[in-house]
There are 2 protein chains.
Amino acid sequence: MTRPAEHTRNLIIKAAVSLFAEKGFERTSVRDIVTKARVNQAAINYHFKGKDGLYSEVLKMAFERLTESAGVDAEELKSLSREQALQRFVHHQLRPLLFKDEMSRYIHMFAWESAHPSKVFRKFIATNTTSYLSAAVDIVRRFLPPNTHERAALCVAIGLMGQCSVFVRNRDLFAQDPFRMAIDERFVDELTDLITRVAIGGLPHVNGANLNTA
Amino acid sequence: MTRPAEHTRNLIIKAAVSLFAEKGFERTSVRDIVTKARVNQAAINYHFKGKDGLYSEVLKMAFERLTESAGVDAEELKSLSREQALQRFVHHQLRPLLFKDEMSRYIHMFAWESAHPSKVFRKFIATNTTSYLSAAVDIVRRFLPPNTHERAALCVAIGLMGQCSVFVRNRDLFAQDPFRMAIDERFVDELTDLITRVAIGGLPHVNGANLNTA
DNA sequence: ATTCAGTTCAAACAGCTGTTTGAATTGGGA
DNA sequence: TCCCAATTCAAACAGCTGTTTGAACTGAAT
């Protein structure tokens, strides 16, 4: 494989990440991608054997980057107090509201997936048993009563992430007319504080007997 | 307007509600709808002047039914204790997990919209200043410190609904392999209890000074 | 210089989308 | 009975989608 090939591959992936994050997988056409990447129409099929293949690659990359990323790094989080760990996790979930770095784009992509799981994503999640949720489960566990069932902890973690992602997904809607929220760094910080406070106050009240179904 | 016209209108709306709830607006084609409704291709454009017009009609209907529905009926909720009101509201949000009645389909539709706000929905929400969220805000207010800013109460309400809708949207995903949740009435009851407990414990800890930005 | 796999490219493909057309049918009012 | 507007219908339309084609180009190895 020669150099220029690698080059256009990277161009495509970069453009794809950006567009998938912005509009989601289904609303992004291959023509959008090749235009943004300044690459030929057929390049995607040549290099990734199809739009699905490209998405698969992008998801894999995003997933790897995210799980090994600082915001949900298991070791670092364990060195923090549980309150700090939770705060950092929530903030990490909300940061995409600001559209900034690469990680934010990845989280944005997963937010779209959480809304409309695609065929590709379903397969992908099925082969990744080490779930993206495990970090969240570890964090909430530190607040839950010790006898809390694993299934209940999982649901709490899902709820926490849902609480964050609803803002990320609807960013534009809430910025609009009936709500007019000014979504800047201050807003994100305060929203982080809000969600964190509610969680800290609420999680210890989970009944350990909940959701102990097989 | 003669009788048969009204008849096919109803056939179309019924089929559309069902399909929009199941797959969302964008993933449902007009051919899907006319096939299910056993109606001619052009009927949608004749009666609703387009797919968007039909969706607009369906959203309007769903919205009216929902806001006046028992689950979020303002008066009834006020007659309950705040814990009971919250519990009922959460359960109402989670009920679509069971796919059952008409209301569940409507809530399902709004869950899709919350994920992927369509053009039609954006216009729709913009002209409905009496927001769907007001009921939720009223409920959470009863738990929040009295000096809590309106903006903060709104965010808490959004978070609460996000916490519920993440389960509704990802129903199929969580029923699948890595999670294998058996989503039956017992599960919904216990999840309702879980989310309600966390909220009851957490909401009083909201800092009244949060999110007081204009 | 020649070869040839790797890579790019413009063009076309088949399939789906929402919408429009114009003729056929319907059914109540004159 | 005739009329005529309202409604239904099969067919076609234009536009988008992801993918394929086959020729042109590239650049290192022979």
Side-chain angles (χ1 to χ4, degrees), chain A residues 1-20 22-59 109 112-113 116-124, chain B residues 1-20 22-59 109 112-113 116-124:
Chain A
M1 191 182 296
T2 60
R3 286 302 126 207
E6 201 79 22
H7 181 58
T8 72
R9 261 185 76 98
N10 291 337
L11 285 179
I12 292 172
I13 285 190
K14 195 172 168 188
V17 166
S18 165
L19 287 168
F20 288 160
E22 183 191 343
K23 311 196 290 178
F25 174 68
E26 304 205 326
R27 292 186 171 189
T28 302
S29 72
V30 300
R31 280 166 183 82
D32 290 342
I33 299 171
V34 298
T35 300
K36 178 150 195 162
R38 299 179 160 281
V39 153
N40 184 268
Q41 183 86 248
I44 287 179
N45 289 278
Y46 178 75
H47 287 284
F48 304 93
K49 36 188 252 176
K51 190 189 176 191
D52 284 12
L54 168 60
Y55 191 43
S56 205
E57 202 93 344
V58 168
L59 277 181
M109 280 180 38
W112 284 121
E113 274 304 335
H116 255 336
S118 59
K119 273 177 289 176
V120 182
F121 186 69
R122 259 186 261 256
K123 267 189 205 163
F124 177 80
Chain B
M1 191 182 294
T2 61
R3 287 302 127 208
E6 202 79 22
H7 181 59
T8 73
R9 262 186 76 98
N10 291 339
L11 286 179
I12 291 172
I13 286 189
K14 194 172 167 187
V17 166
S18 166
L19 288 169
F20 289 160
E22 183 191 343
K23 311 196 289 177
F25 174 68
E26 305 205 325
R27 292 187 172 190
T28 302
S29 73
V30 300
R31 280 168 181 81
D32 289 342
I33 299 170
V34 298
T35 301
K36 178 149 194 163
R38 300 180 160 280
V39 155
N40 184 268
Q41 182 87 249
I44 288 179
N45 290 279
Y46 179 76
H47 287 284
F48 304 93
K49 37 188 252 174
K51 190 190 176 190
D52 284 11
L54 167 60
Y55 191 43
S56 206
E57 201 93 346
V58 168
L59 276 180
M109 279 181 37
W112 284 122
E113 274 302 335
H116 257 335
S118 58
K119 274 176 290 179
V120 181
F121 186 70
R122 261 187 258 257
K123 268 189 205 161
F124 178 79

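Fair warning: this is a prediction, and the values are worked out from it, not measured in the lab. Chain identifiers are assigned alphabetically (A, B, ...) following the order of the sequence lines, protein sequences preceding nucleic acid strands; residue numbering begins at 1 within each chain. Any value given below was found using the heavy atoms of this structure, including those in side chains, with hydrogens, waters and symmetry copies removed.
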Testing D/dT19, C/dT19, C/dT8 for proximity to the side chain of A/Arg31, the answer is D/dT19
Regarding the side chain of A/Val30, the nearest nucleotide among D/dT7, D/dT19, C/dT21 is D/dT19
Q. Are B/Glu22 and B/Arg27 side-chain neighbours, meaning at least one heavy-atom pair lies under 4.5 Å?
A. no
Quiz item: Quick one: are B/Ile12 and B/Val34 in side-chain contact, heavy atoms under 4.5 Å?
Solution: no
Could you state the atom-to-atom distance from [atom1] of [X] to [atom2] of [N] in whole Å?
{"X": "B/Asn45", "N": "D/dC9", "atom1": "CG", "atom2": "C1'", "result": "14 Å"}
{"X": "B/Tyr46", "N": "D/dA10", "atom1": "OH", "atom2": "C1'", "result": "17 Å"}
{"X": "A/Lys51", "N": "C/dC16", "atom1": "NZ", "atom2": "C1'", "result": "13 Å"}
{"X": "A/Arg27", "N": "D/dT17", "atom1": "CZ", "atom2": "C1'", "result": "16 Å"}
{"X": "B/Leu11", "N": "D/dT7", "atom1": "CG", "atom2": "P", "result": "14 Å"}
{"X": "A/Phe25", "N": "D/dG18", "atom1": "CZ", "atom2": "C1'", "result": "10 Å"}
{"X": "A/Gln41", "N": "C/dT7", "atom1": "CD", "atom2": "P", "result": "19 Å"}
{"X": "B/Lys23", "N": "C/dT17", "atom1": "NZ", "atom2": "C1'", "result": "13 Å"}

Please set out all donor-acceptor pairs under 3.5 angstrom arising from side-chain atoms of residues 36-46 of chain B, sequence neighbours excluded.
{"unit_1": "B/Lys36", "atom_1": "NZ", "unit_2": "B/Ser18", "atom_2": "OG", "d": "3.2"}
{"unit_1": "B/Asn40", "atom_1": "OD1", "unit_2": "B/Ala42", "atom_2": "N", "d": "2.9"}

Check your understanding: Is the B/Phe25 ring parallel, tilted or perpendicular to the B/Tyr55 ring (thresholds 30°, 60°)?
Key -> parallel
OP1 or OP2 of [N] sitting under 4.0 Å from any side-chain N/O of [X]?
{"X": "B/Thr8", "N": "D/dT8", "answer": "yes"}
{"X": "A/Asn40", "N": "C/dA10", "answer": "yes"}
{"X": "A/His47", "N": "C/dT8", "answer": "yes"}

